[in-house]
Amino acid sequence: MRIELEKLEESGGRFSRTYEIDQLAFDELELRLIEPVKVEARIRRKTEEVELRGKLRTKIAILCGRCLKSVELSIDVEFAERFTPAVSWKHEEQHELSEDDLNLAAFDGEAIELDDLVREEIILALPGHVLCDETCKGLCPTCGADLNAGSCDCAAKQIDSRWEKLKDLRF
Ligand SMILES: [Zn+2]
Ligand SMILES: [Zn+2]
């Protein structure tokens, strides 16, 4: 989704956009949108750079890190990003990357491409460890049974086999 800077002059740089569920994909993660993403933001021009501040809201589904059940999460975050024209990057020959520069996303001087930013902000908003429940027991590493639904007999079998070995030792 491109945001044309010229068209924003009347609104003082403010804009709002909605990404429908099928307009933003997260191929690399086990993550999908279950509600549209609502973005409200304001763009300010500063000589060459453009500063973008705003917030976004959505709801996503992601897999529990232990049992792989789908978990719904509400996302409501604020963000700030600076964009600089791609051309001015190239002219600076000995540009040392500072932490600030890593936040400088390139734009073509006329419009900002919003997709990557929105995707990135949603991923950053995720907790490091997504669980369906703090007490989730996960899947059995041996048979894959969901241990929240009941225990399998793998643990018992392992104990049995240890007893078998002890028997061997005795004889
Ligand atoms: Zn779980
Ligand atoms: Zn098992």
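When a ligand or atom number is given, it counts from 1 through the structure's own listing order. Residue numbers start at 1 and run along the sequence shown.
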Would a distance-only check, ignoring hydrogens and angles, find a side-chain to backbone donor-acceptor pair under 3.5 Å from Tyr19 to Val39?
no
Metal-centred angle, the Zn ion (ligand 1) as apex - SG of Cys136, SG of Cys67, 10° resolution
110°
Before moving on, can you tell me the angle at the Zn ion (ligand 2) between the SG atom of Cys152 and the SG atom of Cys154, to the nearest 10 degrees?
110°
Listing, residues 55-70 side-chain donor-acceptor contacts under 3.5 Å, not counting sequence neighbours, or none:
from: Thr58; atom 1: OG1; to: Glu35; atom 2: O; distance (Å): 2.8
from: Thr58; atom 1: OG1; to: Pro36; atom 2: O; distance (Å): 3.3
from: Arg66; atom 1: NH1; to: Glu134; atom 2: O; distance (Å): 3.3
from: Arg66; atom 1: NH1; to: Cys136; atom 2: O; distance (Å): 2.9

Working for salt bridge (charged side-chain N to carboxylate O under 4.0 Å, His left out), residues Arg53 and Glu51
CA-CA 7 Å; Arg53 283 179 182 279; Glu51 187 189 72; 3.5 Å; yes
Angle in degrees, rounded to 10°, that SG of Cys143 and SG of Cys140 form at the Zn ion (ligand 2)
110°
Check salt bridge (charged side-chain N to carboxylate O under 4.0 Å, His left out) between Glu9 and all other residues, then give those that pass, not counting sequence neighbours.
none
